[in-house]
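These notes concern the structure reproduced below.
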Amino acid sequence: MTAVDERPEAEIGKARRRKEDAHLITGRTRWTDNLSVPGMLHLAMLRSPMAHATITSIDPTDARSRPGVVAVFTGADFKDVQGNVPCAWPVTPDMVNPGAPSLAVDQVNFAGECVAVVVARSKAEAQDALEGIDIEYEPLPPVLDMDQAVKDGATLVHPNTESNRSYTWVFESGAAGTGAPIDDALRDAEVTVSRRFVQQRLIPAFMEPRAVMVEPSGEGVTVWSATQIPHILRVMLALTLGLPEHKVRVIAPDVGGGFGGKIPVTPEEIISVLVARRLNKPVKYTESRSESLMAAHHGRDQLQDITITATRDGTVTGLDVHLLADMGAYLRLVGPGVPILGAFMYNAIYKIPAYRFVCEGIFTTKTPTDAYRGAGRPEATFAIERIMDELAVELGMDPMELRRKNWIKHEEFPFTTVAGLTYDSGNYEAATDKALELIGWNDLRAEQQERRDSNDPVQLGLGISTFTEMCGLAPSRVLGSLSYGAGGWEHAAIRMLPTGKVEVVTGASPHGQGHETAFAQIVADKLGVAFEDVELIHGDTASSHKGLDTYGSRSLAVGGIAIVNAADKVIEKARKIAAHLLEANEADLEFSGGKFRVAGSPGSEVGIADAALAVFAAHNLPDGVEPSIDAEATYDPENFSFPHGTHLCAVEIDTETGMTKIRKYVCVDDVGTPINPLIIEGQVHGGLAQGIAQALFEEAVYDDAGNLTTGTFVDYTLPSAADLPSFTTERTETPSTTNPLGVKGVGEAGTIASTPAVVNAIVDALRPFGVNDIRMPATPERVWRAIHGGGKHRAAGGTTAYGGASTSTSDGDGGDLQ
Amino acid sequence: MIPAPFEYVRPSSVAEAVSAIGAAGEDGKILAGGQSLIPVLRLRLAYPTTLVDLGRVAEMQGVRDDGDAIVIGAMTTHHDVMHDPLVAEHAPLIAQATGTIADPQVRHRGTFGGALSHADPAGDLGAVALALGCEFVASGPGGERRIAASEFFHDYLTTALAPDEVLTQVRVPKLGAGWSSHYEKFNRVAQAWSIVGVAALVRRDNGSIAEARIGLTNMGSTPVRAAAVESALAGADVGSVAAAAEHAADGTNPPSDLSGQADYRQHLARVLTKRAVLAAVGS
Amino acid sequence: MTKINVKVDGVSYADEVEPRTLLVHYLREQLGKVGTVVGCDTSNCGACTVDLDGRSVKSCTVLAVQADGGEVTTIEGLAGPDGELDPVQQAFHENHALQCGFCTPGMIMAVRDLLRENPNPSEDEIREGIEGNLCRCTGYQNIVRAAQAAAGVKS
Ligand SMILES: Cc1cc2nc3c(=O)[nH]c(=O)nc-3n(C[C@H](O)[C@H](O)[C@H](O)COP(=O)(O)OP(=O)(O)OC[C@H]3O[C@@H](n4cnc5c(N)ncnc54)[C@H](O)[C@@H]3O)c2cc1C
Ligand code: FES
Ligand code: FES
């Protein structure tokens, strides 16, 4: 027997450099737009310049005669076959889904909706020919403001509906039996604080624009797409277009970021499949950035009416949440469910006895919304962390003391919350104490006082966000109870090659998260093989046939466990072989470091690689044992995992200009057992940047007519390196007890926690000026208006007012400074 | 996105450039560094039939000394302007303001003359040219003429240049002793254009301010001089800068857009003027 | 069609291009150099950054005809003949300065240019030196670290 080499140390916990880097840093990439197949044609989309209009005529004759043009299709050409862009989440039984054509047929409902597609030999010729399509619209009034949209007599977005309300989803702890009735809490409150917060519309703005290439073959198609969800896309294409599922192959090659933005099935994907099949030619479509900002789904966009009640001594007694959530013009794949995911998180880390959550999903004539990093949970965390600060002010209490008084103590876990979730573990005290020390809280408070006393034009503000999130989406039964159209399990397979190398197949579909590295670390430890000997196979329904893809911080906490379970099965199968080869009893074998040994008798051993070779040769196997030690597993989590952390932010505000500068940002996150600290840190950094960008920089703005004003990166201002600070990121480690690795998700933590930390810091800096809220993004102009308008004003001034200039007073006191 | 098709000509002298632009007619367009024009073409916001690329007109590149002025060729890139020793010596304000434009890649291609000809009121160089009292040298079918900075900017993206004229160089008068300067730019993200910018030139004499020239970026449809501040500063001491700067927005008519409404811009003009002047005088 | 001669990553090419062809499209579509990517239409993202005659440029904002007679280096031309990585590429790997990797070719080209001009940049100088390159994944912190590490190697 040749034994495998002794492996030096555990892989789990090691800051391994990433396997996936090699091709990315040298430009040997396979982005969808890099690919081509022989005979491929190019598509260009004609998009509606109107937010809301009926199409009175379309004449593509001129376009069809342009050089290089193979075909032009309009909605009329596909109306009988295109079905609807799928929505898999009917959150209530009576949810209204008016349907979503891929190519508009007779009405457009947002600016950017596809109305025709040109197919040409080259991309340039396709784009040139767009100008040859003669199309006329009869404008309808745009519907931009949710408060207005739900009023009686409001213009309807969709003619086949009775109101612009798609659904109303309600949770109430008294009725659910998870807590006391909210009405009692509201009635008996000693202290009540209410606020309306605005979650502005954001754009995921992944750096790789979406692209799709389709090659038809007989009854089926092969689809390459810049998607987060190759497996779901396959099923949905089959269902939507009536294609035989086994003839549909979907490949997600290199995918350049997603952040939720590549979750839905898109009209462009469906159109590309329809065109490829109609012409029986391969086609490719790659969106421009302008198209992406306008038509790829947006995120957030909720109005949050929040009421918190407490006793005078600072014990929170109730939380009442009412949301209006903008669905945009259509319901996308999981769009209706996004705000509902927040339902479980508003109570956050606190012991709140009574809770109500009501969410209304509203149609407007804007780009459809769907998941954006955090999906529902950032909104919830923002609202609770902001209102806790306001409650602290009302009570005259230190905001951290108020939090300490109400949060779940570490010895109280597992803890079942008023929203009905059971948090398995956590230690909020430890994370908070560490964060306070790292940032030098007391010194900063002292400096703040000095600056206040001396009327320094630069004021200092300190913001807190103590957060938790539920991640590892999701236990299938929970999704079922929320009427989601699929489960939340994940699949994995491990294939043992004769030379001892290992192929791991996962149903997760990475696009930057480092799965190839982290999963290899897990498998290396489990099977006792070298990190280098593990290869991950993913993102192609032909080779990784089963899976539910990557979103909701689920890859590690769900997909990783499926891999662990598959590895356990491999070991059990190999054990039989080893016992046979060692002529020992299976029960007497112990497995460690990749080797089976008979307990208590060192010397003779069989490595897992030996077992792999033995089943390959299959010359000498025990009776009745198949010649394979490969295994598959599908893991459905019993519960979510609950990462948590304390984020602290210190901002300096130039009160003369309103400019906010982050002076220091410290976070201590608890993501359970770390698999790869390097990757965790990277995920946190990126999340922080996006959360901070919501607080300070980004907003999708529409004008009165419903056109996106922030339609390029000139106006949709993503922060550059020069606009962000260096972060101090640390960890505490409280292993999750809901999975065998003890891991929790990390993909969204930074985004969820950072937005309220920044806004709380800004408001803290401005309290002496009578300011008690600030609209996001807290642009210099808004901050300046808040300071100079006094506390009454919520600084909605500026043309970036919520919902467009015409609706800038949607909260009643917003636009009064204009 | 891909620009609509156009013809391309590449003259190698000013004379050739002028005749190429004349031949191209009204749908011809000059291409300098392309950093403003090419994005416009990609978004198909313009459809020129011919581009006349000035990239190989050697006589339009570089900076030279011409006695009482330095002469900056219109095709000198932002990057080269920033690092030019003559500019550093005689017009550090230009180097400083140019350093705030866009990012390194854009500055490697974008040109001094292109930015001024483009005449975006949010562009940083117009206010600087106004404050410095530059002279613009243009060549057209009728020969060469000089245009004072105060006459150059007509409106949003509109200059005194005729459609068949080429801006060939900009003459920057050398300032005598005692002058100092500062460019104060305010924007939301690093790469963005100015919400407001202030170019301040100050001559000190015996501790007080003898003369000041203030140019404002993005406070109207063209760059403007803050005349009221200039007169308030003449002969003033440093202690009265803040009061003088209160006049910075007098008579201005700034735009309202996503980055700020007019009244906010006017406020910023006052604050930034104070800061620019104080920085220029070194306090 | 206009005739151009360019040297890209050490290889000379003579090609006919439409004048409207952007340098990045010429690289990607005519030369198959798809390592350089397009992320926007307004010269903001920097994903398309390459070296043109020794200086970083956004290849989406240069016409192929403007590069006539010039020398272009792309991300694909950095590694040595035996695959040895450029110090900036190596530093990106070591410091986990990329996640999805879409911004990475442009970022690496921008950092190389920065270090060419300023071999010992401060953190602020690095941040400003790459302000023309957007990254949505990393929060930039590890990119800054990679630049610092590469500066250490180079100086
Ligand atoms: C991301 C980004 C950020 C930017 N930020 C800033 C900023 O903060 N501040 C700022 O000032 N600028 C900024 N710019 C613009 C930059 O300065 C441009 O380089 C400049 O505006 C145009 O110069 P160009 O040489 O590229 O001209 P081109 O784009 O080639 O031409 C611009 C216009 O001027 C005309 N033109 C050019 N040269 C001449 C000439 N010699 N004679 C007659 N007409 C001519 C052209 O026909 C065209 O209409 C930014 C650009 C980008 C892409
Ligand atoms: S693609 Fe060139 S800057 Fe974005
Ligand atoms: S690594 Fe994804 S955009 Fe930078």
Side-chain angles (χ1 to χ4, degrees), chain A residues 42 44 67 122-128 130-131 209 286-291 457 654-660 693 696-699 701 703 709-724 777-785 787-788 797-801 805 815 817-818, chain B residues 1-6 35-36 39-45 47 99-100 102-106 120 122-123 184-198 218 242 245-246 248 254-276 278:
Chain A
H42 295 264
S122 72
K123 196 169 169 178
E125 286 166 326
Q127 291 184 4
D128 291 346
L130 290 177
E131 286 151 19
T286 303
E287 69 184 0
S288 68
R289 178 58 60 185
S290 318
E291 289 180 284
D654 178 340
T655 57
E656 290 183 336
T657 62
M659 188 67 157
T660 299
L696 294 179
F697 301 118
E698 294 176 22
E699 178 171 25
V701 182
D703 67 13
T709 317
T710 51
T712 69
F713 279 160
V714 177
D715 295 311
Y716 193 82
T717 42
L718 302 185
S720 75
D723 303 302
L724 291 170
T779 61
E781 180 177 17
R782 283 189 175 140
V783 170
W784 175 75
R785 285 189 195 283
I787 293 171
H788 297 279
T799 43
T800 51
L817 277 162
Q818 294 190 19
Chain B
M1 287 170 79
I2 300 167
F6 49 75
Q35 302 302 291
S36 292
V40 165
L41 299 179
R42 288 180 77 192
L43 294 170
R44 298 204 180 195
L45 300 173
Y47 290 81
T100 71
D103 53 62
Q105 294 98 312
V106 170
D120 189 320
E184 185 76 23
K185 172 165 176 163
F186 188 81
N187 55 7
R188 268 184 69 200
V189 290
Q191 192 197 38
W193 298 72
S194 288
I195 297 174
V196 174
V198 178
N218 218 5
E246 283 303 308
S256 282
D257 59 27
L258 282 183
S259 307
Q261 293 182 97
D263 63 332
Y264 177 60
R265 282 201 158 87
Q266 291 186 321
H267 166 76
L268 281 179
R270 295 180 203 112
V271 173
L272 302 177
T273 297
K274 176 184 73 182
R275 291 182 183 182
L278 289 175

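Reckoned from all heavy atoms, side chains included, excluding hydrogens, waters and symmetry mates. Residue numbers begin at 1 in each chain, while the letters A, B, ... track the order of the sequences. It should be emphasised that the depicted structure is a prediction, and the values quoted were computed from it without experimental measurement.
Using a 4.0 Å cut-off between a side-chain N of Lys or Arg and a carboxylate O of Asp or Glu, B/Arg188 and A/Asp715 do not qualify as a salt bridge.
Neither the backbone nor the side chain of A/Glu291 comes within less than 4.5 Å of any heavy atom of chain B. Only the side chain of A/Ser720 comes within less than 4.5 Å of a heavy atom of chain B; its backbone N, CA, C and O stay farther away. Residue B/Leu43 touches chain A through its side chain alone, counting heavy-atom pairs closer than 4.5 Å. The parts of B/Val189 that come within reach of chain A are both its backbone and its side chain, each placing non-hydrogen atoms under 4.5 angstrom from that chain.
Contact check for B/Phe186 versus A/Pro780: side-chain heavy atoms found under the 4.5 Å cut-off.
B/Arg270 pairs by the salt bridge (charged side-chain N to carboxylate O under 4.0 Å, His left out) definition with nothing, not counting sequence neighbours.
Ring planes of B/Tyr264 and B/His267: parallel class, angle under 30° (limits at 30 and 60°).
With chain A as partner, the option from B/Arg42, B/Arg265, B/Arg44 having the largest number of non-hydrogen pairs under 4.5 angstrom is B/Arg44.
Distance alone, capped at 3.5 Å, places no donor-acceptor pair between the B/Gln191 side chain and the B/Asp103 backbone.
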